[in-house]
Every structure is written in C-alpha cells, then in structure tokens.
Amino acid sequence: PTPPYLKWAESLHSLLDDQDGTHLFRTFLKQEDCADLLDFWFACSGFRKLEASGGNEEKKLKLAKAIYRKYILDNNSIVSRQIKAATKSFIRDCVVRVHIEPAMLDQAQTEIQAMLEENTYPVFLKSDLYLEYT
Amino acid sequence: IDSEDDLLQECISSAMPKKK
C-alpha cells in the first residue's frame, strides 16, 4: 500500500485528512510563524460541524465571536491579511447582527485554503522537515 | 477570555483528523 507520507503529496486535502500529516504540516507552519492559517482553517470546519449538529445557539454565537476576534478583527494578523475586505465585513455583520449561519465562514475558509494550496503547501513538500520525514 | 480560548481550541480539535 502507498505510505501515508506519499499520499500527503497528492493534495492538501489528503494531507489534512491524516493526523500525522496535519501534525507535521502544523510544525512546519509554526516554524514559519503562520500556524494560525491552519488553525483558522480547522476552526472554520469545526464551526460548520457544530452548526450542522444543531443545538446550543449561545455556544455557536460565542464561537463565531471567538473566531472573529482571534483571527479576523486585527487587520494585520496573518489570517486577516489573506482574507478579502468584503469577506471580512460579511463575517463582521453576521457577528454584530447575531445572524449566525453554517456557511458564514465558508468564503473565508476558501480564501485561506487557496493561499495554503498555492504557497505554503508546495513549500512544505520541498521542506527539510518533510524530506527528513520521508 | 479563557473560556473563549477553550471553546476555540475545542472547535479546532473537533475538526482535526483522528488516528486511523
């Protein structure tokens, strides 16, 4: 069977679908001071999961606010710099108007994902960290 | 603030892949 680390090189999704792959990629991003990009990507997925599971509205609002404050509010943060102004104001509006919906972070997640796919992921595949692992 | 951080961590962990 194909070893997991070769699958990681197939696509960003195959990497992020594997626990060890995700861990190694996060270690790499941490070295580059941009682990927040990956944390944000997972936070968006977690938010959607929580939304889909129904239940506690207060918790969803609290989480949406937490994500907004930690990653988006500060325009100079690494995540915020990669997200379009229109996308940021859409999320801000959702939080301010307490209009929480499952897809409210989807566009921002897509923009961060595109950035990971075009930049950090290819660099990771050429990094010493990945090469040593393989 | 602490509980907000905990909530965020819990959310991130919930989306991360589990051991296969």
Side-chain angles (χ1 to χ4, degrees), chain A residues 1-5 7-8 12-27 29 35-53 55-56 58-73 79 95 100 102 105-106 109 112-113, chain B:
Chain A
T2 318
Y5 57 80
K7 288 205 164 184
W8 302 347
L12 180 67
H13 273 282
S14 356
L15 176 71
L16 299 184
D17 197 34
D18 184 89
Q19 193 183 45
D20 295 334
T22 298
H23 181 75
L24 196 70
F25 189 41
R26 195 171 185 283
T27 304
L29 292 175
D36 272 4
L37 293 170
L38 191 63
D39 291 348
F40 177 73
W41 190 88
F42 278 115
C44 292
S45 298
F47 176 78
R48 201 164 42 237
K49 262 171 111 172
L50 180 71
E51 265 289 333
S53 70
N56 198 330
E58 199 189 328
K59 189 175 176 183
K60 290 175 194 170
L61 176 62
K62 209 171 166 187
L63 180 60
K65 275 188 184 167
I67 293 174
Y68 177 73
R69 277 200 209 122
K70 166 109 182 171
Y71 299 108
I72 300 171
L73 181 61
V79 172
V95 171
I100 304 301
L105 297 173
D106 286 8
Q109 187 183 28
I112 292 300
Q113 186 179 311
Chain B
I1 296 291
D2 266 357
S3 71
E4 204 171 75
D5 262 2
D6 290 346
L7 187 64
L8 197 52
Q9 273 315 312
E10 180 193 318
C11 167
I12 292 170
S13 306
S14 78
M16 285 207 170
K18 307 287 176 276
K19 202 89 195 157
K20 279 173 194 159

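Numbers restart at 1 for each chain; the letters A, B, ... are given by sequence-line order, proteins then strands.
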Checklist line | CG-NZ distance between Asp18(A) and Lys7(A), expressed to the nearest 0.5 angstrom | finding: 9.5 Å
Check: Side chain, backbone, both or neither: which part of Gln9(B) has a heavy atom under 4.5 Å from chain A?
Finding: neither
Notebook entry, point to check: Taking Lys18(B) for the side chain and Met16(B) for the main chain, is one N or O donor matched with an acceptor at less than 3.5 Å?
Noted result: yes
Check: What part of Leu38(A) lies closer than 4.5 angstrom to a heavy atom of chain B: side chain, backbone, both or neither?
Finding: neither
Next item on the list: Check whether Lys62(A) gets within reach of chain B through its side chain, its backbone, both or neither, counting any heavy atom under 4.5 Å.
Entry: both
Margin query: Report which part of Leu63(A) has an atom under 4.5 Å of a heavy atom belonging to chain B: side chain, backbone, both, or neither.
Written below: both
Note to self: Which heavy atom of Ala15(B) sits nearest to which heavy atom of Ser45(A), and what is that distance?
What the structure shows: CB-CB, 3.7 Å
Note to self: Does any backbone or side-chain atom of Lys59(A) lie under 4.5 Å from a heavy atom of chain B? Answer side chain, backbone, both or neither.
What the structure shows: both
Check: Between the main-chain N or O of Trp41(A) and the side-chain N or O of Gln109(A), is there a donor-acceptor pair closer than 3.5 Å?
Finding: yes
Next item on the list: Would you mind checking if Asp39(A) and Arg26(A) are paired as a salt bridge, meaning a charged N to carboxylate O distance below 4.0 Å?
Entry: yes
